[in-house]
Amino acid sequence: SGTWLLYLPCTWSIGLAAEPGCLPDWHMLSLFGVGAVLMRGAGCTINDMWDRDYDKQVARTASRPLAAGDISTFHSFIFLGGQLSLALCVLMCLNYYSIVLGAASLSLVITYPLMKRITYWPQLVLGFTFNWGALLGWSAIKGSCEWSVCLPLYLAGVMWTLVYDTIYAHQDKRDDIIIGVKSTALQFKEDTKQWLSGFSLAMLLSLCVAGMNCNQTFPYYSMVAATGAHLAHQIYTLDIDKPEDCWKKFASNRTVGVLLFIGIVLGNL
């Protein structure tokens, strides 16, 4: 699921950047797909390196290779170097502006795992990290960012991440309290649904602004509405005290991203 959630904002951006009447650039979609797999892998490696002592104490993560002692820190550095080198090869296929923009995201990728030690809002930093593709996809096609489109699209992605990753964090809240890790799930507690509703509304408004600023048409807005309905159903039926329900709702967000991409493609034709 994580790779999809990283990849989908890239597809929105590439889709919106396509010329009117044209399908998105399939070569670019494929390139970003490979990049998403590599950067998602690198992010997991970095996360596991920072968190190996925490992961030992959480049932869900105790079997991860570093936490379980199956591989050494040195070997994980070599593995990470390989992942990042391959990701750099993908990045070098893009224009100069996009190479610089893409490289700038690395500081977020490296520091994100530390955030849950210092703030109750690590999900917000994950949002900034995971939705970088909403900026990068447009610049890869157009040569630079059109901020009137890219910023609202990026903000919509950040709000979406706050929704799905707060739901995800509710799975681990008992363990998190014991080991002293912070999250929006612990911050919002019983008010979670109100917060998620606010984030969803902000996401939908941002998507409308992005659409208006690049002359999107009816199919786009109808899919934004469908996305809203999906999020409303998720939030309404969510049981924050049932880890299996949290996982199911979290995983269903791939559908949200795919709906939006379909809307963008159809709205552009």
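- Distance CG/L29 to CD1/I14: 4.5 Å, rounded to 0.5 Å.
- Taking every heavy atom of both residues into account, W147 and P152 meet most closely at O-CD, 3.4 Å.
- K142 has a carboxylate O that lies under 4.0 Å from a charged side-chain N of E19, or vice versa, which qualifies the two as a salt bridge.
- R174 places no side-chain N or O within donor-acceptor distance of the main-chain N or O of H170, the cut-off being under 3.5 Å.
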The test is side chain to side chain contact (heavy atoms under 4.5 Å, CB included); show your working for C10 and L136 and say whether it passes.
CA-CA 7 Å; C10 307; L136 200 54; over 6 Å; no
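- Taking CG of N213 as the reference point, atom SG of C208 lies at 11.0 Å (rounded to 0.5 Å).
- Heavy atoms only, all atoms of each residue included: I46 and P113 are closest at CG2-CG, 4.1 Å.
- Residues G43 and V109 come closest through the heavy atom pair CA-CG1, 4.2 Å.
- Minimum heavy-atom separation, I71 to S76: CD1-CB, 4.2 Å.
- Between the CG atom in D55 and the CG atom in L66 there is a gap of 8.5 Å [rounded to 0.5 Å].
- Listed by first and then second residue, the ring pair (Phe, Tyr, Trp, His ring centres under 6.0 Å) pairs involving residues 82-131 are W121-F188, W121-W195 (not counting sequence neighbours).
- For the residue pair S139/S98, the side-chain donor-acceptor check at 3.5 Å is satisfied.
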| task | Go through W12 and W160 one step at a time and tell me if the ring-ring contact (aromatic ring centres under 6.0 Å, His included) criterion holds. | result | CA-CA 13 Å; W12 306 343; W160 183 42; 5.3 Å; yes
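- Formation of a donor-acceptor pair under 3.5 Å by the N253 side chain with backbone atoms of F250 is found in this model.
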Mind running side chain to side chain contact (heavy atoms under 4.5 Å, CB included) on L155 and V209 for me, showing each step along the way? CA-CA 11 Å; L155 182 67; V209 171; over 6 Å; no
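- The shortest distance between side-chain heavy atoms of Q234 and S252 falls below 4.5 Å.
- Under the 4.5 Å side-chain heavy-atom criterion for Ile, Leu, Val, Met, Phe, Trp and Tyr, W26 and I264 are members of the same hydrophobic cluster.
- Using a 4.0 Å cut-off between charged side-chain N and carboxylate O, K116 and D51 make a salt bridge.
- Annotation: the span from I179 atom CD1 to R117 atom CZ amounts to 9.0 Å, rounded to 0.5 Å.
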Quiz prompt | Residues I177, L186; criterion side chain to side chain contact (heavy atoms under 4.5 Å, CB included); working and verdict | solution = CA-CA 8 Å; I177 292 166; L186 297 178; 3.6 Å; yes
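- At most 12 heavy atoms of other shown residues, nucleotides or ligands fall within 6.0 angstrom of atom NZ in K242.
- Side chain of W50 to main chain of I110: a donor-acceptor pair is present (N/O by atom type, distance under 3.5 Å, no hydrogens or angles).
- Looking at L260 and L8, their side chains never come closer than 4.5 Å, going by heavy atoms from C-beta outward.
- Note: T192 OG1 to E190 CD = 7.0 Å, rounded to the nearest 0.5 Å.
- The two residues S107 and A104 come nearest to each other via the heavy atoms OG-O, 3.2 Å.
- N131 and T161 share a donor-acceptor pair across their side chains, judged by distance under 3.5 Å alone.
- In this structure, R52 contributes its side chain and M49 its backbone to a donor-acceptor pair below 3.5 Å.
- Linking ILVMFWY side-chain heavy atoms closer than 4.5 Å, directly or via other members, places V37 and V90 in two distinct hydrophobic clusters.
- When hydrophobic clusters are built by joining Ile, Leu, Val, Met, Phe, Trp and Tyr residues whose side-chain heavy atoms come closer than 4.5 Å, directly or via intermediates, L94 is not grouped with V100.
- Cluster membership check: L124 shares its hydrophobic cluster with I118, using side-chain heavy-atom separations under 4.5 Å among Ile, Leu, Val, Met, Phe, Trp and Tyr.
- Here the side chain of T119 pairs no donor or acceptor atom with the backbone of M115 at under 3.5 angstrom.
- Judged purely by distance below 3.5 Å, without hydrogens or angles, the side chains of Q123 and T166 never pair a donor atom with an acceptor atom.
- Note on F261: it clusters hydrophobically with L231, by side-chain heavy-atom contacts below 4.5 Å among ILVMFWY residues.
- Judged by distance alone, with hydrogens and angles left aside, the side-chain atoms of S13 form no donor-acceptor pair with the main-chain N or O of P9 at under 3.5 Å.
- Side-chain atoms of Q83 come within 3.5 Å of backbone N or O of G41 as a donor-acceptor pair.
- Using modelled atom types, one finds a donor on one side chain and an acceptor on the other under 3.5 Å when comparing S72 with H75.
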Report task. Apply side chain to side chain contact (heavy atoms under 4.5 Å, CB included) to the pair Q57 and D175, showing each step before the final yes or no. Result -> CA-CA 8 Å; Q57 302 171 60; D175 287 320; over 6 Å; no
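- Scanning all heavy atoms of the two residues, the minimum distance from L196 to L162 falls at CD2-O, 3.9 Å.
- With contacts defined as side-chain heavy-atom distances shorter than 4.5 Å, the pair T129/S105 does not qualify.
- Ion pairing between a basic and an acidic side chain is recognised when a charged N comes within 4.0 Å of a carboxylate O; D241 and K173 show such pairing.
- Taking the charged nitrogens against the carboxylate oxygens, D245 and K249 do have a contact shorter than 4.0 Å, which makes a salt bridge.
- The NZ atom of K189 lies 11.0 Å from the CD1 atom of I240; values are rounded to the nearest 0.5 Å.
- Residue K248 qualifies as open at atom NZ: its count of foreign heavy atoms under 6.0 Å is 12 or below.
- Under the 4.5 Å side-chain criterion, counting only non-hydrogen atoms from C-beta, Y220 is in contact with L207.
- In this structure, D176 does not pair ionically with K182, as no charged nitrogen and carboxylate oxygen lie closer than 4.0 Å.
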